[in-house]
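Numbering of ligands and ligand atoms starts at 1, following listing order. Quick caveat, the model's predicted, so the values are computed rather than measured. The first residue of the sequence shown is numbered 1, and numbering continues consecutively from there.
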Amino acid sequence: MTEQTFTPRVFSGIQPSGGLTLGNYLGAIKRFVDMQEAGTHETIYCMVDLHAITVWQNPGDLMRNTRELCAGFIASGIDPEKSVLINQSQVPEHAQLAWIFNCVARMGWMGRMTQWKDKSGANAEGSSLGLFAYPALMAADILIYHATHVPVGEDQKQHLELTRDIAAKFNHDYGVDFFPITEPVIEGAATRVMNLQDGTKKMSKSDPSEKTRINMTDDADTIAKKIKKAKTDPDPLPDTIDGLDGRPEARNLVNIWAGLTDETPQAVVEANAGKLFGYFKQDLAEIAVDKLAPIAGEMARLMEDQTEIDRILGRGAERAREIAAPILAETYKIVGLVKS
Ligand code: TYM
């Protein structure tokens, strides 16, 4: 069997399940933009609406949220000419490959996923089958493009390991070297942005309290207020990052600063050593407002022309299908669904 070489290609996705947070921005979108600009890989970015419906979504809200997410991508710097920007349900090859992967992945693998355990909680019996199979669709999203690299936040690491397992099992079972063993790209200071009121929990769009997160649609005033009210401790900033051990809220604010400015957390603490958090938060609020408020403004402007957003997604789907269709056709041949 000859080793196949794969085109360097990046894929990543975000669920349009209502509202982008600073965690999505620093852990994912900002790095999607960096990879687009690096020019070393083809880049494909996706609004994963089929993943969103694994838990209940109000039909009236879903399309709006998908368009708003698309506006968020573009306002943050994703250029639909340089990157392929798509809505998952408009590229049916994702769901078609996912079915094949449902037959490759094992129940035991899925049952060990921490996201499944967290989301199904005590009510596994009442959860959707789609929620259980979620990671197989995610593997299909990536592998339908033979993507080689996937930038994500820390919380998606386990799903990407499963993607590698699915690719390896498919290749092994069918005796081929067809799907790449994808590399996760989990890098930078803000791969896990934490809740502003509790530094031991992840910042999340589903938290009932608005004070715990910054939304990408927040205006300047709201961003500044949320940062100034973020929980901290009474000690000043240390001069090395080791001095943040056991201080999760302090560490989180340092990481957010570093993520926004592209500095290392060590450089941030050195530059602010000895400062009290009251002052640090004032400066951080200014940095955050400078970076984020223009994105919120641009999102609102883009949302006024929904026809243009739909045009961009339609064009993205055409470009995506040019890559995905031949890979699905080849998969069908390998599996024996069509004559080879
Ligand atoms: P989702 O929609 O939950 O999150 C989208 C991206 O944002 C990152 N993220 C964070 N990063 C740092 N700190 C946080 N607090 C934070 N919250 C979210 C996530 O790690 C993710 O990168 N399953 C995926 C969507 C998906 C996908 C894919 C990703 C579907 N198919 C294929 C990559 C490749 C998800 O639920 O992301």
Take Thr212 and Gln197, measure what side chain to side chain donor-acceptor pair (under 3.5 Å) needs, and give me the verdict at the end. CA-CA 5 Å; Thr212 62; Gln197 297 299 323; over 6 Å; no

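Heavy atoms only, all atoms of each residue included: Pro184 and Arg164 are closest at CD-NH1, 4.1 Å.
Looking only at distances, no side-chain donor or acceptor of Lys333 sits under 3.5 Å from a matching main-chain atom of Ser340. A distance-only check finds no donor-acceptor pair linking the side chain of Asp218 to the backbone of Ile214 [under 3.5 Å].
Thr66 and Asn87 share no side-chain donor-acceptor pair at under 3.5 Å.
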Tabulating one pair per line, provide the atom names and distances (0.1 Å) for every N/O atom of ligand 1 that is less than 3.5 Å from a protein N/O atom.
from, atom 1, to, atom 2, distance (Å)
ligand 1, 2 (O), Gln15, N, 2.9
ligand 1, 4 (O), Asn24, ND2, 3.4
ligand 1, 7 (O), Asn24, ND2, 3.1
ligand 1, 11 (N), Gly23, O, 3.2
ligand 1, 13 (N), Val193, N, 2.8
ligand 1, 15 (N), Val193, O, 2.8
ligand 1, 15 (N), Met203, O, 3.0
ligand 1, 20 (O), Gly153, N, 2.9
ligand 1, 20 (O), Asp155, OD1, 2.4
ligand 1, 22 (O), Gly153, N, 3.2
ligand 1, 23 (N), Tyr134, OH, 2.7
ligand 1, 23 (N), Gln156, OE1, 3.0
ligand 1, 31 (N), Asp141, OD2, 2.7
ligand 1, 36 (O), Gln15, NE2, 2.8
ligand 1, 36 (O), Tyr134, OH, 2.7

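Residues meeting the salt bridge (Lys or Arg N to Asp or Glu O under 4.0 Å) test with Asp283, sequence neighbours left out: Lys275.
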